[in-house]
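Structure first, commentary second.
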Amino acid sequence: MSNASAALSEETGKPAPAPSEAAVRDEGLNSGLEDESSGRDGPTPSDKDADGNEGQGVTYDGKQRFVIPITRDVMTQLFLPWNWSWMQAFTWVLFTMNWVFFFTDHSYWFYVGLTLFFRAAYNVGLGLILKKQSETQFITTWVSGLVPGSFSYRAVKYSLTSFMRGSAGYDFDAMPPSYNAWLLFRNGVDNVLANDVLAFWIFTMVNFAPIDSPLDVLSIIVGLLLTGVACWAKIDAHKVVGDYAWYWGDFFFGKDCELIFGGVFNMFPHPMYTIAYAWYYAFFFIARSPSVLVIGIIAHLSQIAFLVLVETPHMDKIYGTEDYAVADRSELERQGYISNKEPIFVLNMDLTSAHSISLCLTLFYVVVLHLTDIGNHWLIIHAVFWRVVYNIGCGYLLRRQSTDELWTGYFIKNGRTRQEAFEQWKRLYNIIMTITYASFGLCGLRLFKLPDSVFSTEFIVNVSLSSMLFALQYWSTTSTWLALGPVGWYYGDFFIRDIPFKMTYAGIYRYSNNPETITGYAALYGLAILSRSKTLGSIALFSQLCHFAFLRFVEMPHTQMLYGEHRRHDGALWATLKDKVRKARQLQVDPQERERFVRELRSALSSKAKEFTTTAKEAIIEDLKTNLRKASADLDRMRAWVSRRRSPDSGPSVRESMRAILGEVDELKAQLAALGARIVRRPVFSTSSADYEDDAESPTSGTESAPDGRKTK
């Protein structure tokens, strides 16, 4: 369903759409794309300030602005022990526990439960926490209520200070409670996410099938390639949005940054929850186990539910809802082209109108026809017939309307208006569309046969795949309606000539000029898989080919005639892929470009390695300095104790032994000082014996404690 394969808006323009998943920055593709805003408010690499910080943050009450310090990525945090707090240590405890489960024998359902437990910890546990945080800011309130000096205060401060060790500009007491609350939440997120991935990998390995044929090898290769795609999507998404959006920072505090597309966000809607989860299906190809596919689909659908129920409501509350279909809807309503509630399929029906009664009677006829004993071949012909009427018949009317105004001309010739012509077209089109899909759906139900066992592997896989395709169809249809509005859905620019339109690309049309040609037929294939009918699959393919023909001979000529150079040739996905191919070809044919690419790659790798070694060096130096100070303090105490033990009444041999001990202590102090100086390239400890004379000569009386704890006189 599209009008010129894009959303339409008035000359008055349209508001910027609300963010949906992550703030992203345009990479500057020369594809003629407009700068549309969408995604979660998150930092991008260019959002860092001159000091390398993540930009300016602001509390939601507006009382405090602060510089957001740099945070380490999860891999650096987990695999460098000197960066650990007690929460990272707990993550490794769970890691170890999962590995123990992997190397010990347990039942199949145990591993299913383990996988679903960590997935539920993510989608249900973190989902409920974020939902409540969005509504009440309860984590921020709890952190702000910590009493200095209390056990909870000291535990949280120690954990976050350890977590941010080496990060310039972080001070637990100086940062607002909302930022500290976010860091505390992030520690828990790392715990859940890391073990969620590991648990699913363990489940995959437990269900790994033996490799018996070249086809199995090919399946594993496909799985590895899909895993690579998912990793690329995750890495690119993190590179674009940064830690702030990756860890739901806008549930805790705001950030000054723009909301623009870029990177993988320019190619896929919600890429961190769509293409980045291709590894679920990659693991199915690797393991070649239906169980892995079923659990993967369940996990992926639960992630989509997390997006719909948790993230989207919060984004709507913070950034506002999207309304990019028609900017001046009131003008269209005022002129009578659309109403407050436009019918779509059987929704928004008014049973007092002739259109709704006609639609109900037509659906009644279709249902009765499929309940009779008529042969299946007649039902198949019936479904194909309505598909031809829908795409070819309506396509012919729209083509004639575009070239010589066949439809509106008839109404005007008979003394009626354009508004009435468009209204009658909407009613006719909705009836034909509803009958077309109802005929196909009822035909699929007739061809469906319940298997002998509903718990068979084949049936469970079919149900899982079809459910995923039904969900994709629902998302595609609702997104198309939101992007187009009733005017775009019913091809309003074929009929409305007294209101100027311009082409815009928003919502689902951001990524593809014609998304309905790809995702708009997912439910048809899902029903074919569920019914295990090749005939139904053929009808689904025929329906999709009919839509391609409709697009080629009806929509594209009309948009070219109406919008000309304002018409976008490629969607963001295809434009990005073409740009990548163009750059790859340049690397092949242009030696200078190839050398430049190699230099940039080396520079990036060198920078990352330098950053890693610098972080590691700083942490090691800090630990060594701490240990050297402790050792130096111990030697100070030992020297003072020995000095106090010297007595004029002691014999020559005892005094000589005391002097020897003091000499050894001073020598050890000098060695520690030299070691500290070599580590930090400057003296750390003083080696002057005068520093210790006061302690050595301090008066003593009464009972003293030796270093081993014995009481001496």
Please report the interatomic distance [atom1]([X]) to [atom2]([Y]), rounded to the nearest 0.5 Å.
X	Y	atom1	atom2	value
Tyr525	Gln544	OH	CD	4.0 Å
Tyr273	Tyr277	OH	OH	6.5 Å
Ile344	Thr434	CD1	OG1	8.5 Å
Leu465	Phe470	CG	CZ	11.0 Å
Leu301	Ser467	CG	OG	7.0 Å
Asn391	Leu398	CG	CG	10.5 Å

Does a side-chain heavy-atom distance below 4.5 Å link [X] with [Y]?
X	Y	result
Asp404	Arg400	yes
Pro269	Ile508	no
Phe284	Val294	no
Trp475	Leu472	yes
Tyr280	Leu293	no
Asn513	Met556	no
Cys360	Leu351	yes
His370	Leu445	no

Restricting to non-hydrogen atoms, name the atom on [X] and the atom on [Y] that form the minimum distance, rounded to 0.1 Å.
X	Y	value
Tyr281	Ile297	CE2-CG1, 3.8 Å
Gly444	Leu536	CA-CD2, 3.4 Å
Asn414	Tyr410	ND2-O, 2.7 Å
Trp232	Val264	CH2-CG2, 3.8 Å
His314	Asp250	NE2-O, 2.9 Å
Phe553	Arg399	O-CD, 3.5 Å

Can a donor-acceptor pair be found, under 3.5 Å and without considering hydrogens, that links the side chain of [X] to the backbone of [Y]?
X	Y	value
Ser543	Ile539	yes
Lys317	Thr312	no
Thr519	Glu516	no
Lys255	Gly249	no
Thr362	Ile431	no
Ser356	Ser353	no
Lys131	Leu309	yes
Thr436	Trp386	yes
Thr372	Leu369	yes

Exercise. Is the centre of the Tyr491 ring less than 6.0 Å from the centre of the Phe550 ring?
Worked result: yes

Problem set entry | Centroid-centroid under 6.0 Å between Trp425 and Tyr490 rings | no

Side chains of [X] and [Y] only: does a donor on one sit below 3.5 Å from an acceptor on the other?
X	Y	value
Arg532	Asn462	no
Gln473	Thr477	yes
Trp378	His382	no
Gln401	Thr408	yes
Glu342	Asn348	no

Exercise. Under a 4.0 Å N-O cut-off, is there an ion pair linking Arg497 with Glu405?
Worked result: yes

For this session: Output, in order, the C-alpha distance, side-chain angles, deciding distance and verdict of side-chain contact (heavy atoms from CB on, under 4.5 Å) for Arg418 and Ile412.
Result: CA-CA 7 Å; Arg418 286 184 177 273; Ile412 294 174; 4.0 Å; yes

Seminar exercise, completed: Which of Leu482, Leu484, Thr478 passes side-chain contact (heavy atoms from CB on, under 4.5 Å) with Thr480? It is Leu484

Exercise. Should the ring pair Trp407 and Phe411 be called parallel, tilted or perpendicular, given that the plane angle runs from 0 to 90° and is split at 30 and 60?
Worked result: tilted

For this session: Mind telling me whether Phe345 and Tyr437 have parallel, tilted or perpendicular rings, with 30° and 60° as the class edges?
Result: perpendicular

Problem set entry | Criterion side-chain contact (heavy atoms from CB on, under 4.5 Å) on Tyr521 and Leu541, from CA distance to verdict | CA-CA 9 Å; Tyr521 292 85; Leu541 179 60; over 6 Å; no

Problem set entry | Pair Val554-Ser402, side-chain contact (heavy atoms from CB on, under 4.5 Å): steps then yes or no | CA-CA 8 Å; Val554 179; Ser402 176; over 6 Å; no

Problem set entry | Derivation of the side-chain contact (heavy atoms from CB on, under 4.5 Å) call for Tyr390 and Tyr429 | CA-CA 8 Å; Tyr390 178 51; Tyr429 183 84; 2.9 Å; yes

Exercise. Above 12 or not: heavy atoms from other molecules or residues under 6.0 Å from OH of Tyr474?
Worked result: no

